[in-house]
J.: 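Here it is: the structure, laid out below.
A quick note: this is a predicted structure, and the numbers were derived from the prediction, not measured. Excluded from the calculations below are hydrogen atoms, water molecules and symmetry mates; all remaining heavy atoms, backbone and side chain alike, are included. Protein chains get the first letters and strands the later ones, always in sequence-line order, with residue 1 at the start of each.
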There are 2 protein chains.
Amino acid sequence: MPTTAISMDEELAILAKALGHPARVRIIQFLAKRSSCMCGDIVDELPLAQSTVSQHLKVLKDAGLICGDVDGPRVCYCIEPSALKRLKTLITALPSPISSPHKVCRSA
Amino acid sequence: MPTTAISMDEELAILAKALGHPARVRIIQFLAKRSSCMCGDIVDELPLAQSTVSQHLKVLKDAGLICGDVDGPRVCYCIEPSALKRLKTLITALPSPISSPHKVCRSA
DNA sequence: TTCTCTTATCGTAAAATTACGATAGGATGC
DNA sequence: GCATCCTATCGTAATTTTACGATAAGAGAA
């Protein structure tokens, strides 16, 4: 049911992009540390408005990195372990460059 | 000499953001596969204008993931192995969530 | 020098991101 | 019912990203 069967490039790009903001990295770390689901405690943890945090949560959710369950009046977020694992796999799979074919670059 | 001594959150966010575009993922893969430095062959590899590719290369360079050496009339890009390694380390270091404290989320 | 090749930068426009306050909507408690 | 709490969404504005063509700048060849 994927829209067009996305490539590995796109998949990695989507996951990496979702992590491409300090606030979202901290959210992931917070959720992982708390291990469990959490809700708006994340808002207290970040120097951001509630609506902004909600937006970041949506980005992470759209990327599949987290999921949210309604738990009474509040929402319980937790990491999607398979997605995080997938990200680790894709990053690790990036081939390490074979050392210096002629000369390694030095300056920019 | 870091601007303010960036945190690990920011460091990971910067690296992840740089990878957060399919074109840039493909550039990294291409450079790693070629192992060695490369120049505007990257332009031929991507369905993008030369100026756009140059912009993507700049993003990767600013993030420290690649470097470019002038080699006569052309520029020789290559992966900065330490930065790629650092990214792998930071991603891998993301704590895996401790399994289900009460109940794992199911739907979004 | 002049011409050519390669790459970076400029200028621009469209789209996406980031952030906020304000508001709506759903669930619980009174 | 009504009030309250929590979260998502709306509306908005400033900034950034993405993309392109056009142009400049550097190096080598004729």
Side-chain angles (χ1 to χ4, degrees), chain A residues 3 9-10 12-28 30-31 34 36-63 65-78 103 105-108, chain B residues 3 9-10 12-28 30-31 34 36-63 65-78 103 105-108:
Chain A
T3 338
D9 305 339
E10 294 178 81
L12 175 51
I14 288 171
L15 292 172
K17 186 173 188 176
L19 261 193
H21 191 288
R24 293 197 288 268
V25 172
R26 293 190 54 188
I27 290 175
I28 291 291
F30 184 75
L31 287 179
R34 287 281 189 275
S36 129
C37 307
M38 277 317 257
C39 47
D41 300 280
I42 303 169
V43 175
D44 302 332
E45 204 68 14
L46 298 175
L48 294 171
Q50 177 269 324
S51 56
T52 304
V53 172
S54 202
Q55 257 183 143
H56 282 303
L57 287 169
K58 181 169 165 41
V59 171
L60 289 170
K61 203 165 78 176
D62 288 346
L65 279 170
I66 66 173
C67 63
D69 256 352
V70 176
D71 174 30
R74 62 200 80 200
V75 176
C76 180
Y77 281 103
C78 62
K103 207 175 231 172
C105 298
R106 292 165 185 280
S107 63
Chain B
T3 337
D9 306 338
E10 295 177 80
L12 176 50
I14 288 171
L15 292 172
K17 186 173 189 177
L19 260 193
H21 192 288
R24 292 196 290 266
V25 171
R26 293 189 55 188
I27 289 174
I28 291 291
F30 184 75
L31 286 180
R34 287 279 189 276
S36 129
C37 308
M38 277 317 256
C39 49
D41 300 280
I42 303 169
V43 174
D44 301 333
E45 203 69 14
L46 299 175
L48 294 171
Q50 176 267 324
S51 55
T52 305
V53 173
S54 202
Q55 258 184 141
H56 282 303
L57 288 170
K58 181 169 164 41
V59 171
L60 290 171
K61 204 164 77 176
D62 288 346
L65 280 169
I66 66 173
C67 63
D69 256 351
V70 177
D71 174 31
R74 61 200 81 200
V75 175
C76 181
Y77 281 103
C78 63
K103 205 176 229 171
C105 297
R106 289 164 187 281
S107 64

J.: Starting at the 5' end of DNA chain D and moving along, which residue's nearest nucleotide shows up first, A/Lys17 or A/Leu57?
T.: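 This one resolves to A/Leu57.
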
J.: Distance check, rounded to the nearest 0.5 Å: B/Ile27 atom CD1 versus B/Ile42 atom CD1?
T.: 5.5 Å

J.: Going by salt bridge (Lys or Arg N to Asp or Glu O under 4.0 Å), name the residues that satisfy it together with A/Arg74, two or more places apart in sequence or in a different chain.
T.: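 Per chain and number, A/Arg74 pairs via salt bridge (Lys or Arg N to Asp or Glu O under 4.0 Å) with no residue.
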
J.: A/Ile66 and A/Tyr77: which non-hydrogen atoms are nearest, and at how many Å?
T.: CD1-CD2, 3.7 Å

J.: Can you tell me the distance, in whole Å, between the CD1 atom of A/Ile27 and the P atom of D/dT7?
T.: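 Rounded to the whole Å, the gap is 13 Å.
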
J.: Determine the minimum heavy-atom distance between A/Val53 and A/Leu48, stating which atoms define it.
T.: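 Looking at all heavy atoms of both residues, the closest pair is CG2-CB, 3.9 Å.
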
J.: Rounding to an integer number of Å, can you tell me how far B/Asp62 CG sits from D/dT18 P?
T.: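 Distance check: B/Asp62 CG to D/dT18 P gives 13 Å.
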
J.: With sequence neighbours excluded, tell me which residues meet side-chain contact (heavy atoms from CB on, under 4.5 Å) with B/Ile14.
T.: B/Ile6, B/Ala63

J.: Identify, residue by residue, the members of residues 42-56 of chain A with a heavy atom below 4.0 Å from DNA chain D, and return them in order of residue number, or none.
T.: A/Gln50, A/Ser51, A/Ser54

J.: Take the protein atom NZ of A/Lys61 and the nucleotide atom C1' of D/dA8, then report the distance between them rounded to whole Å.
T.: 9 Å

J.: Considering all heavy atoms of both residues, which atom of A/Val25 and which atom of A/Leu19 are nearest to each other, and what is their separation?
T.: CG2-O, 3.2 Å

J.: What residue pairs, at least two apart or across chains, pass side chain to side chain donor-acceptor pair (under 3.5 Å) with a residue in residues 43-59 of chain A?
T.: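 Only A/Arg24-A/His56, A/Lys58-A/Asp62 qualify under side chain to side chain donor-acceptor pair (under 3.5 Å).
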
J.: For a quick check, with a 4.0 angstrom heavy-atom cut-off, what is the B/S/- contact string for nucleotides 25-30 of chain D, read 5' to 3'?
T.: --SS--

J.: Of all nucleotides in DNA chain C with an atom under 4.0 Å from a non-hydrogen atom of chain A, which is the first and which the last going 5' to 3'?
T.: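 Contact span on the strand: C/dT17 to C/dT28.
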
J.: Taking all non-hydrogen atoms of both residues into account, name the closest pair between A/Lys17 and B/Gly20 and its distance.
T.: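 Reported closest heavy-atom pair: CD-O, 3.6 Å.
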
J.: If you round to the nearest 0.5 Å, how far is NE2 of A/His21 from CZ of A/Arg26?
T.: 11.5 Å

J.: Looking at A/Tyr77, does any N or O in its side chain come under 4.0 Å of the phosphate oxygens OP1/OP2 on D/dA8?
T.: yes

J.: Does B/Leu65 reach the side chain of B/Val59, with side-chain heavy atoms less than 4.5 Å apart?
T.: no

J.: To the nearest 0.5 Å, what is the distance between CG (A/Leu60) and CG (A/Leu15)?
T.: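 Between A/Leu60 CG and A/Leu15 CG, I get 10.5 Å after rounding to 0.5 Å.
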
